[in-house]
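First the structure, in the form of structure tokens, and then the observations on it.
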2 protein chains.
Amino acid sequence: MPKPARTQPLDPASVCRSADPLAVRELLTRVGDKWTIFTVLSLDLLGGRARFSDLERAVPGISQRMLSATLKTLERDGMLTREVFPEVPPRVEYEMTPLGRSLLHPMQGLVEWAKENWNQVRTAQSRYDDR
Amino acid sequence: MPKPARTQPLDPASVCRSADPLAVRELLTRVGDKWTIFTVLSLDLLGGRARFSDLERAVPGISQRMLSATLKTLERDGMLTREVFPEVPPRVEYEMTPLGRSLLHPMQGLVEWAKENWNQVRTAQSRYDDR
DNA sequence: TCAGTTACTTACGTCGAGGTAAGTCATGCC
DNA sequence: GGCATGACTTACCTCGACGTAAGTAACTGA
């Protein structure tokens, strides 16, 4: 007989005290994504509006494939708008929506934390590894 | 001849204006992780100190394997301490360090944002999908 | 002797994230 | 004709994340 599952069913009161912890969790997974964070922050640094190629240059190390996918998801989620100019060669501009801009503040909080604390984390890691 | 890489080398001035954008990016990838977020928040809700089995029950859907790995990483990063009590059956308690607690604030900022905005995101998604 | 307890680890397998490279489309230019 | 350009998409493949199930250690109590 297989061992019964050890994990408990979802508890609405747990973790985030939200009416829908599943939705919040999914959203967190999304906005916590590396490429999403860097794309959003880069678009902000570029003045809130930029072309595909601008972002490609601004986001260090992203591939066209991932940039395309990330932008599509962000557009679907209402974080930015996509405007196509009927020219040759094509021009496409992405602009942050108010919803996207509202994400900036909490996101920058995390980035600030990372900037301020990565030294401490590094030393903790080497202390752990030496042991 | 293969096409040269389209992406640019890292620009220290870009995205996070940090001396080491790679480190910040790695740290963000870490703290943005779904299981990390939920483990840290759950440990906080449990009063900042809890046993393995408490966390297993508190974090909805996590497997023992992932909880173990997540806790190990958090301990290595200096976010929490692990205390083993030499008893049978074994007891292990995890407690948040000041560094771990300092992460709570920015993290809760993100969670708040997610709670406040997931409705808006959902409607944006269905508008996009209908189109 | 054997089941039950906690906090794991190990083995195994799947599945999806994500990189690389090439293709595409329409057009202007030499 | 053929190449360049910009914003992609597609095909292909690898590799790591992660779930499942079982094993382990060391002791207690029936």
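Just so you know, these numbers come straight off a predicted model, no measurement behind them. Reminder, nothing fancy here: chain letters follow the sequence lines and each chain counts from 1.
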Under a 4.0 Å N-O cut-off, is there an ion pair linking [X] with [Y]?
X	Y	answer
A:E83	A:R49	yes
A:R76	B:D129	yes
A:K72	A:E75	no
A:R57	A:D54	yes

Between [options], which nucleotide gets closest to the side-chain atoms of [X]?
X	options	answer
A:W35	C:dC8, D:dC8, C:dG19	C:dG19
B:P89	C:dG19, C:dT6, C:dC8	C:dT6
B:D33	C:dA7, D:dA7, D:dC18	D:dC18
A:M66	C:dG19, C:dA7, D:dC8	C:dG19
B:V88	C:dT27, D:dA26, D:dG6	D:dA26

Taking for each residue the nucleotide of DNA chain D bearing the nearest heavy atom, is the 5' side occupied by B:P90 or by A:R82? A:R82
[X] has an atom [atom1]; how far is it from atom [atom2] of [N], in whole Å?
X	N	atom1	atom2	value
B:L71	C:dT6	CG	C1'	14 Å
B:E87	C:dT6	CD	C1'	10 Å
B:Q64	C:dT9	CD	P	10 Å
A:L67	C:dG19	CG	P	11 Å
B:F85	C:dT6	CZ	C1'	14 Å
A:L55	D:dA7	CG	C1'	12 Å
B:I62	D:dT20	CD1	C1'	15 Å
B:F52	C:dT5	CZ	C1'	14 Å

Go through the N and O atoms of the side chain of B:R65 and the base of D:dG19, and report whether any donor-acceptor pair is under 3.5 Å.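 It does, because a donor-acceptor pair links the side chain of B:R65 to the base of D:dG19 below 3.5 Å.
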Counting only side-chain nitrogens and oxygens, does [X] get under 4.0 Å of the OP1 or OP2 atom of [N]?
X	N	value
A:R51	D:dC8	no
B:S68	C:dT9	yes
B:K72	C:dC8	no
A:S63	C:dT20	no

Does any N or O in the side chain of B:N117 come within less than 3.5 Å of the main-chain N or O of B:Q120, such that one atom is a donor and the other an acceptor? no
